[in-house]
Amino acid sequence: MRPVFALVDCNNFYASCEKLFRPDLRHAPVVVLSNNDGCVVARSKEAKALGIKMGVPVHKIQEQIQQHGVQVFSSNYALYGDISNRVMQTLEALAPAVEVYSIDEAFLDLTGVANAVDLTEFGLQVRATIQQHIGMTVCVGIAPSKTLAKLANHAAKQYPATRGVVDLTDPIRQKKLLSLMPVSEVWGVGRKLSERLNAMGITTALDLASQNPKDIRQKFSVVLERTVRELNGESCLALEDIIPTKQQILCSRSFGQRVTRYADMHEAISSYVARAAEKLRHEQQQCQLISVYIRTGLFNPNDPRYSNSASLRLDYPTDDTRVLLNAAGRLLQAIWKDGYRYAKAGITLSDFYDRGVVQPDLFTQQVISPNSARLMQVVDRINQQQRGKVFFASQGTGKAWAMNRNHLSPGYTTSWTQLRVVQ
DNA sequence: TCTGGGGTCCTAGGACCC
DNA sequence: TCTGGGGTCCTAGGACCC
């Protein structure tokens with residue numbers, strides 16, 4: 001049976017989440033900022049209509065914000081994550097198989113569904129159900145490959161006449177849409193590839209689809225070859241409904257204010273390590289490689305620039321925050337230089353092993369603290385109830401480096417103390 | 001003054017092995 | 001004049017995604 005995929009994607013997801021609990025803002029322009037209140041990462045349709053661009057630094061559009069009463073929000077990931085879960089759970093109930101692709105989109109496997117119901121009708125039903133249950137508007141793209149489903153979804157968003165659903169299973173419709181889409185809109189074609197393709201005279205999605213896959217593989221890569229095949233309706237990317245285990249965990253932040261003191265940087269790095277280790281244990285994994293990275297700002301021409309990173313392979317895999325803090329401290333010492341104004345730092349954990357499969361040898365055995373697992377468990381359990389309730393001394397209490405979140409909305413659905421009150 | 005964070009995959013090149 | 005060849009593994013860096 002020929003595969004059929006649907007891509008369900010929430011409209012203006014972060015901005016829509018902010019509007020959910022603020023009916024007074026239903027028709028207001030809303031933007032959501034990146035961490036540290038840096039740049040715009042989401043816009044409501046009213047904000048898009050004002051010409052506010054994706055990714056623009058917020059300080060460059062202050063005037064517009066004032067003039068049009070644009071509502072500004074800091075990123076509230078607790079809220080977005082919770083709304084996302086609700087959307088995904090609803091989809092699970094509607095489709096035979098679901099792949100959660102990102103916080104605001106999912107692929108559905110609709111293979112065989114066409115035998116029972118009209119696909120466009122099905123899409124409209126999905127849309128109506130999500131709208132009713134969660135209050136979130138989604139668009140649905142349906143096609144024989146994921147790449148085409150992405151494109152169909154894009155069309156559903158772009159053209160209101162579609163009522164938010166585009167069924168692209170018909171090859172004639174495929175061709176027509178492909179000819180209208182710039183190649184840069186194709187999933188997997190980013191800025192660099194667009195430039196190279198345009199230089200070769202390949203400007204529309206149809207141009208790319210008409211290329212010989214073998215040639216494309218030779219000139220570019222297997223990835224783009226797959227894209228060409230997918231654009232021709234040949235499914236090369238399967239639905240991945242089993243969540244693969246992570247291969248790395250990152251924690252990095254820009255600072256609310258520039259960091260110049262070693263002690264502050266050490267606090268920040270320690271806090272990132274603690275957070276990453278928590279995620280690592282949540283994944284039931286242990287890691288053997290840790291790296292630390294620091295850098296100054298990128299944009300002020302008067303500030304001298306410096307960036308560096310260092311990594312360390314541990315003697316044995318661990319998920320013990322204390323071991324990782326120790327390693328990170330040594331790495332930071334190795335790359336720290338006085339006299340710079342640091343803007344950002346981060347840490348990466350990688351080289352993962354399943355917890356429990358590690359065989360300690362005669363020598364490392366003595367190093368592993370016997371109470372490690374239990375201690376970490378207790379720490380995690382306490383912090384699950386209230387994040388940051390217990391922490392390691394090196395994380396500090398000053399937090400002079402903490403990121404800006406000056407426009408944060410309440411945790412409407414994730415905090416008992418911040419529930420919406422109806423009067 | 002102020003410009004995000006968290007991921008994956010592929011490739012090229014070097015080290016190393018026989 | 002001629003100075004092996006084939007393979008694997010690892011890492012860094014680039015490109016892409018949302």
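To find a chain, count down the sequence lines: A is the first, B the second, and so on, and within it residues start at 1. Keep in mind the model is a prediction, meaning the values are calculated, not measured.
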Check: Does any residue of residues 186-205 of chain A have a heavy atom under 4.0 Å from DNA chain C, and if so, which ones, in number order?
Finding: A/V186, A/W187, A/G188, A/V189, A/G190, A/R191, A/K192, A/L193

Check: What residues, two or more places apart in sequence or in another chain, satisfy side-chain hydrogen bond (donor to acceptor under 3.5 Å, both in side chains) together with A/K344?
Finding: none

Notebook entry, point to check: Does A/R341 pair with A/D303 as a salt bridge, N-O distance under 4.0 Å?
Noted result: yes

Notebook entry, point to check: Ignoring hydrogens and geometry, is there a side-chain-to-backbone donor-acceptor pair from A/E230 to A/C236 under 3.5 Å?
Noted result: yes

Check: Looking just at side-chain N and O atoms, do A/W401 and A/E267 make a donor-acceptor pair shorter than 3.5 Å?
Finding: yes

Notebook entry, point to check: Charged N to carboxylate O below 4.0 Å: is that the case for A/E278 and A/R275?
Noted result: yes

Item checked: Which residues share a ring pair (Phe, Tyr, Trp, His ring centres under 6.0 Å) with A/F13, sequence neighbours left out -> none

Margin query: I'd like to know if A/D37 pairs up with A/R405 as an ion pair, taking the criterion as any Lys NZ or Arg NE/NH1/NH2 lying under 4.0 Å from an Asp or Glu carboxylate oxygen.
Written below: no

Check: What string of B, S and - do you get for nucleotides 2-11 of chain B, 5' to 3', when a contact is any protein heavy atom under 4.0 Å?
Finding: BBBSSSBSSS

Checklist line | Atom pair distance, as rounded to whole Å: CD in A/E185 and P in C/dC16 | finding: 14 Å

Next item on the list: List for me each residue that meets side-chain contact (heavy atoms from CB on, under 4.5 Å) alongside A/A155, sequence neighbours excluded, and say none if there are none.
Entry: A/Y159, A/V166, A/L177, A/M181

Next item on the list: Indicate the ring-plane relationship of A/F5 and A/F107, choosing parallel, tilted or perpendicular according to the 30° and 60° boundaries.
Entry: perpendicular

Notebook entry, point to check: Across the strands shown, which category fits A/D104 at heavy-atom distances under 4.0 angstrom: base, sugar-phosphate, nothing?
Noted result: sugar-phosphate

Checklist line | Pair assignment for DNA chain C - dot-bracket with | for other-strand partners, Watson-Crick or G-U under 3.5 Å | finding: ....||||||||||||||

Note to self: For A/N302, is there any backbone N or O sitting under 3.5 Å from a side-chain donor or acceptor partner on A/N300?
What the structure shows: yes

Check: To the nearest Å, how far apart are A/L7 CG and C/dC17 P?
Finding: 14 Å

Checklist line | Span that lies between the C1' atom of B/dC16 and that of C/dG4, in whole angstrom | finding: 16 Å

